[in-house]
Amino acid sequence: MSAQLDSPTTPAVVTVTGAAGQIGYALLFRIASGQLLGPDTPVRLRLLEVPQAVRAAEGTAMELDDCAFPLLAGIDIFDDARPAFDGANVGLLVGARPRTAGMERGDLLSANGGIFGPQGAAINAGAAADIKVLVVGNPANTNAFIAASHAPDVPADRFTAMTRLDHNRALAQLAARTGKPVDQIRHLTIWGNHSATQFPDLTRATVDGAPATDLVDAAWVSDTFIPTVAKRGAAIIEARGASSAASAANAAIDHVRTWVDGTPDDDWTSAGVVSDGSYGVPEGLISSFPVTSDGTQWSIVPGLELDADSRARLEASVAELVEEREAVRALGLV
Ligand SMILES: NC(=O)C1=CN([C@@H]2O[C@H](COP(=O)(O)OP(=O)(O)OC[C@H]3O[C@@H](n4cnc5c(N)ncnc54)[C@H](O)[C@@H]3O)[C@@H](O)[C@H]2O)C=CC1
Ligand SMILES: O=C([O-])CC(=O)C(=O)O
């Protein structure tokens, strides 16, 4: 569709599902401009949509062409997951129904869960050996679990779920409260599910080198910080009349960019990754943890001591993940 570039570097293949949706529209231009994989990596976009939205995806592709991005090596559009993931180096699984006011993300499981098995199978069948998958579509953790379950030949740690938006929200809230810039904050964590049960944890965070717990009072943490971050998605839906889109796309860019560039030595980030049993999270569940990346692989930060309150909050969120796993088993999705 767009002109081939005569680039010396082989383009990375980036497959984006739900390309004609709100997040897709906020995401694709940033990928094509080099913000996902950096200024030296040309990208070939493969867009997956349902048949009735292919025409809209074609319109977005026309606009992408019209940007004349030097790094955009081509665009292909599909309504079938198998060819869409063929040779994919990065898979951004966005396509899914968003919730509306009054719903929790888990309520989307029966509507959306069925999307992720076939996409996991398509990744298993044809993605590149270095495939990295980020699931954005809700409920993101359990959808990632479903996709991974259908890709037995792909290492499970390639399947991740997005909690970077929650992490970024936590950074913004703490920065605003302390009056310090976000880039002075280290070691914040989102634990558990991308849902209202998540545990945004600042017990180890520092702000400009000082412990965050010395700068904010405990009542603000439990009564304002944690619920504001955990319920921010619902607050956006209430205010905007539609779920977060540009901030979600931004977080997806951040997640993949950190995965491929690595985390700085003095910090970690948060991502939904497959549990190895760390912190009592049952092995195999996709839960958010404090994680570092070496540029290839995420690792769960080991050995943090959780106090009783933190442990209870994490356990509550993990209990919800276990329930979601049981629900998808009952629905026959895994
Ligand atoms: N993990 C996170 O932090 C966040 C997750 N989300 C979730 O992301 C998802 C997408 O949100 P929006 O872009 O706002 O929704 P949207 O409704 O604007 O777009 C979704 C797109 O996915 C497409 N789609 C549906 N089934 C598909 C399939 N089987 N294959 C390919 N495409 C398919 C639809 O045709 C539509 O174009 C929702 O589930 C939403 O809840 C949204 C914000 C943050
Ligand atoms: O809340 C929603 O449904 C969309 C989402 O995941 C978020 O904004 O975090």
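Start at 1 and go down the list; that is how both ligands and their atoms are numbered. This chain uses plain numbering: 1 for the first residue, then up along the sequence.
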- State, with a plain yes or no, whether a side-chain heavy atom of Thr163 is found less than 4.5 Å away from one of Gln198. no

- Report yes or no: does Gly137 have a heavy atom closer than 4.0 Å to ligand 1? yes

Of the side chain and backbone of [X], name the one, both, or neither that has a heavy atom under 4.0 Å from an atom of ligand 1.
X      : result
Ala248 : side chain
Asn138 : both
His194 : side chain

Nitrogen or oxygen atoms of [X] and ligand 1 under 3.5 Å apart:
X      : answer
Arg97  : yes
Asp166 : no
Gly18  : yes
Ile23  : yes
Val136 : yes

- Note on the structure: Check: of Asn112, Val94, Val135, min heavy-atom distance to atom 9 (C) of ligand 1 comes from Val94

- Option with minimal heavy-atom separation from atom 17 (O) of ligand 1, where the choices are Ser243, Pro98, Ala19: Pro98

Present, as a list of atom pairs with distances to 0.1 Å, all nitrogen or oxygen contacts under 3.5 Å between ligand 2 and the protein.
unit_1: ligand 2; atom_1: 1 (O); unit_2: Arg99; atom_2: NE; d: 3.1
unit_1: ligand 2; atom_1: 1 (O); unit_2: Arg99; atom_2: NH2; d: 2.7
unit_1: ligand 2; atom_1: 1 (O); unit_2: Arg105; atom_2: NE; d: 3.2
unit_1: ligand 2; atom_1: 1 (O); unit_2: Arg105; atom_2: NH2; d: 3.0
unit_1: ligand 2; atom_1: 3 (O); unit_2: Arg99; atom_2: NE; d: 2.6
unit_1: ligand 2; atom_1: 6 (O); unit_2: Arg105; atom_2: NE; d: 2.8
unit_1: ligand 2; atom_1: 6 (O); unit_2: Asn138; atom_2: ND2; d: 2.8
unit_1: ligand 2; atom_1: 6 (O); unit_2: His194; atom_2: NE2; d: 2.6
unit_1: ligand 2; atom_1: 8 (O); unit_2: Arg169; atom_2: NH2; d: 2.7
unit_1: ligand 2; atom_1: 8 (O); unit_2: Ser244; atom_2: OG; d: 2.6
unit_1: ligand 2; atom_1: 9 (O); unit_2: Arg105; atom_2: NH2; d: 2.9
unit_1: ligand 2; atom_1: 9 (O); unit_2: Arg169; atom_2: NH1; d: 2.9
unit_1: ligand 2; atom_1: 9 (O); unit_2: Arg169; atom_2: NH2; d: 3.3
unit_1: ligand 2; atom_1: 9 (O); unit_2: His194; atom_2: NE2; d: 3.2

- Task: May I ask you to list the atoms of ligand 1 that are less than 4.0 angstrom from any heavy atom of Leu165?
- Result: 3 (O), 44 (C)

- Check: Thr263 side chain, Ser293 main-chain N or O, donor-acceptor pair, under 3.5 Å: yes

- Message: Using modelled atom types and a 3.5 Å cut-off, is there a donor and acceptor pairing between side-chain atoms of Thr160 and backbone atoms of Val273?
- Response: no

- Out of Ile190, Asp267, Leu304, which one pairs with Pro290 under the side-chain contact (heavy atoms from CB on, under 4.5 Å) rule? Leu304

